[in-house]
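In what follows, a single structure is set out as structure tokens and then discussed.
Just so we're on the same page: letters track the sequence lines, and every chain starts at 1.
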Amino acid sequence: MSIDNPKDDNTNNTHRLTSNVKAGGCAAKMSSSELKQILANLPKAKDPRLLTGIDNFEDAAAFQLNGDLALVKTVDFFPPLLDDPYLYGQIAATNALSDIYAMGAKPALALALLVFPSCDFPLDIAAEILKGGADQVSKAGAIIAGGHSIQGSETLYGLCVSGFVHPDKLLTNSGAKPKDRIIATKSLGAGVSLLALKAGLLNDEAKSRLFSNLTTLNDKAIDALSYLSPNIHACTDITGFGLIGHIQEMSKASKLGAVVEVSSIRFLPGVLELASQGLVPAAAYGNRKSFQGNVSYIKDLPLEVTDLLYDPQTSGGLLFAVQPEHSEDCLKALALVGIEASCIGHFEEGIPGHIDIKP
Amino acid sequence: MKKDIDLRGLLCPEPVLKTKKILDDQTVTSVEALVDSEVNIQNLARLARSQNFGFKSAAKGEHFVATISKEEVAPNTAPEPPAAAKQSKAKSGVVIFISKDRFGEPVAAPPGEEHEKNQAFSLNLLNVFLQTISQSGHDVQAVLLANSGVRLMDPESPCVKVLDELKEKGVEVLACGLCLDYYGLKEKVKTEQITNMYAICEYLFAAEKVLSP
């Protein structure tokens, strides 16, 4: 794929959802350093029933209800990342549900959040967004039970989701052990791909790979690995902070260093070439700034490769820290249910949060 | 033919696409693009690199100017944006490596006024050391800061002035990111000055001489 032949296939629509959006999807997330600054002075909840700490960068909050049950709760929303309202709804819902799966839990109940410029856009667009989201929630086996809508100048949509898990099976960022293999699902490069989509540079195959990456629920991966759960020590999903940012959060929370092998990473079609030509989202530069101080790599690693390691993912895949002798079993179990996955590195004793990138 | 283009106000990826379109014109030899963010500069640098064109950028008031030239063929390592460039910029020269926020060791004293005084004196000496180097006219390639040495970059540190002075003279001033993080200074330092242990080692091994006060 190259930037030579733009196909202006999404420029004729009169109501383009992305027309007034600067950065869609998880690329709109506040940067890690900004977040750190605004959270610094907040009181930290201390309650024995709260199973997750805000310091460990968890995907969702977990609250113990009794000896057998914990409530897992998350909220996630973002501006449109493409013009098809139904697809946008689906992607935003998949992304919000993902935080529940990333804790090893199952979603049960969802509420929708919608900000919509109803003066500028026809209402059936809002209805389509909600429909896309609702269909995805029912695909996940959960119920959508209402929501809240506001009139505003920029569209925002997402979900607040509650799920449940046995407290012993809760997967956080902090459980990884030295030598654990890092297994990642889905392909990397959604941020670069979405920028190329906006520019009309994706061919049909690349588009369908991107859309399937964005709308694949992470439920199958969690189900497929449930029989191996004692050997899975930590889990998170790869979203706005990119692969490096999320591995770094896990490695900080687990007080370990990490090694990532670039050759094992799966990329979406054409993204390396697109990135090398300058189609890199602003949030990737923000991620580079936030995380690169704790990253080392050899100097001849191509710039487009490191750009993609910092590329913000929307509705990305899961990252698992798996006991080394069970990593092959995990990959097989995931392949059986048709999930793309690969072992992309491992954790080791080292400076917490430090990532060594190998070719 | 040289072409000027104003890309301010355009959202990503428009600036890259528009610039590419102009570069595709055979009669155009160079493009000067006015953009409003550093992200645009970095993306245009990648575009130039992928085509093997020369690339230069400069700040112009609140905006930035990117110059892409077809005649100056880019060497393999350039033009990398500052954030990535430092990974490979190590070359021989004199490198000053500072791994603590003082010059030598102060005379030991129990915690208290005397201890504070000794510490302040040692920091002041370090400041004088850097000022002397800056004024001496000696050729210095880089100043590398690690561990508590990164505290010299704290905007409140007395050494900030001389570090800025060295930077203006073309000396690279780089600090270990892990250390900045540890001392809570990461948000106060410019991205292009943040580096990692790998790059620090590269500089030290490539250096003609390393001075460590």
Side-chain angles (χ1 to χ4, degrees), chain A residues 2-4 6 18-24 27 31-34 36-37 40 192 194-201 252 273-286 288-304 306-307 310 351-357, chain B residues 11-21 24 37-51 66 68 76-77 79-81 83-90 150 175-182 184-202:
Chain A
S2 91
I3 64 173
D4 287 328
T18 56
S19 56
N20 61 347
V21 174
K22 267 196 172 169
S31 81
S32 169
S33 28
E34 287 172 339
K36 217 164 147 188
Q37 216 171 318
V192 168
L194 283 163
L195 207 54
L197 177 77
K198 209 170 169 186
L201 296 170
K252 265 191 185 170
E273 195 186 341
L274 290 163
S276 76
Q277 292 173 319
L279 284 175
V280 179
Y285 294 112
R288 191 182 273 273
K289 179 181 173 181
S290 301
F291 304 115
Q292 71 175 356
N294 296 355
V295 174
S296 58
Y297 47 83
I298 56 153
K299 61 184 165 201
D300 42 4
L301 199 63
L303 190 56
E304 61 269 25
T306 55
D307 279 339
Y310 293 110
I351 301 167
H354 183 264
I355 303 177
D356 190 13
I357 297 171
Chain B
L11 296 182
C12 221
E14 281 299 313
V16 168
L17 296 178
K18 288 222 152 66
T19 309
K20 173 75 168 57
K21 216 166 177 182
D24 284 346
S37 83
E38 221 180 314
V39 168
N40 291 326
I41 288 289
Q42 304 222 24
N43 279 337
L44 290 174
R46 280 160 175 74
L47 173 67
R49 206 161 101 113
S50 72
Q51 315 275 319
I68 299 179
N76 272 342
T77 47
E80 288 193 13
K86 68 179 188 323
Q87 297 276 348
S88 59
K89 249 177 20 197
V150 302
C176 152
L178 206 59
C179 313
L180 287 169
D181 210 13
Y182 183 79
L185 291 168
K186 208 160 166 187
E187 316 310 329
K188 297 181 179 168
V189 171
K190 286 203 184 97
T191 322
E192 68 264 24
Q193 292 190 272
I194 303 178
T195 190
N196 56 42
M197 199 55 90
Y198 173 82
I200 290 178
C201 291
E202 288 288 291

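- At a 4.5 Å heavy-atom cutoff, the contact between A:Ala275 and chain B is made by backbone atoms alone.
- Counting heavy atoms from C-beta on, the side chains of A:Gln277 and B:Val16 never come closer than 4.5 Å.
- From B:Ile200, atom CD1 reaches atom OG of A:Ser296 across 11.5 Å, with rounding to the nearest 0.5 Å.
- Note: B:Glu38 CD to A:Lys289 NZ = 9.0 Å, rounded to the nearest 0.5 Å.
- Two residues are said to be in side-chain contact when any heavy atoms from C-beta on lie closer than 4.5 Å; A:Asp307 and B:Gln42 fail this criterion.
- A:Ala196 meets the side-chain contact (heavy atoms from CB on, under 4.5 Å) test with A:Leu201, A:Leu202, A:Leu274, A:Leu279; sequence neighbours excluded.
- A:Ile351 touches chain B through its side chain: at least one heavy atom from C-beta onward sits under 4.5 Å away, while N, CA, C and O do not.
- Taking the ring pair (Phe, Tyr, Trp, His ring centres under 6.0 Å) definition, one finds that A:Tyr310 meets it with nothing, sequence neighbours left out.
- The contact between B:Leu11 and chain A is made entirely by side chain atoms (from C-beta outward), counting heavy-atom distances below 4.5 Å.
- In terms of heavy-atom proximity, B:Pro13 sits nearest to A:Ala199 at CG-CB, 3.6 Å.
- Neither the backbone nor the side chain of A:Asp356 comes within contact range of chain B; no heavy atom of the residue lies under 4.5 Å from a heavy atom of that chain.
- The CE atom of B:Met197 sits 8.0 Å away from atom NE2 of A:His354, with the distance rounded to the nearest 0.5 Å.
- Note that CG of A:Asn294 and SG of B:Cys176 are 8.0 Å apart. Values are rounded to the nearest 0.5 Å.
- Between the CD atom in B:Gln51 and the OG atom in A:Ser276 there is a gap of 9.0 Å [rounded to 0.5 Å].
- In this structure, CG on B:Asn196 lies 15.0 Å from CZ on A:Phe291, to the nearest 0.5 angstrom.
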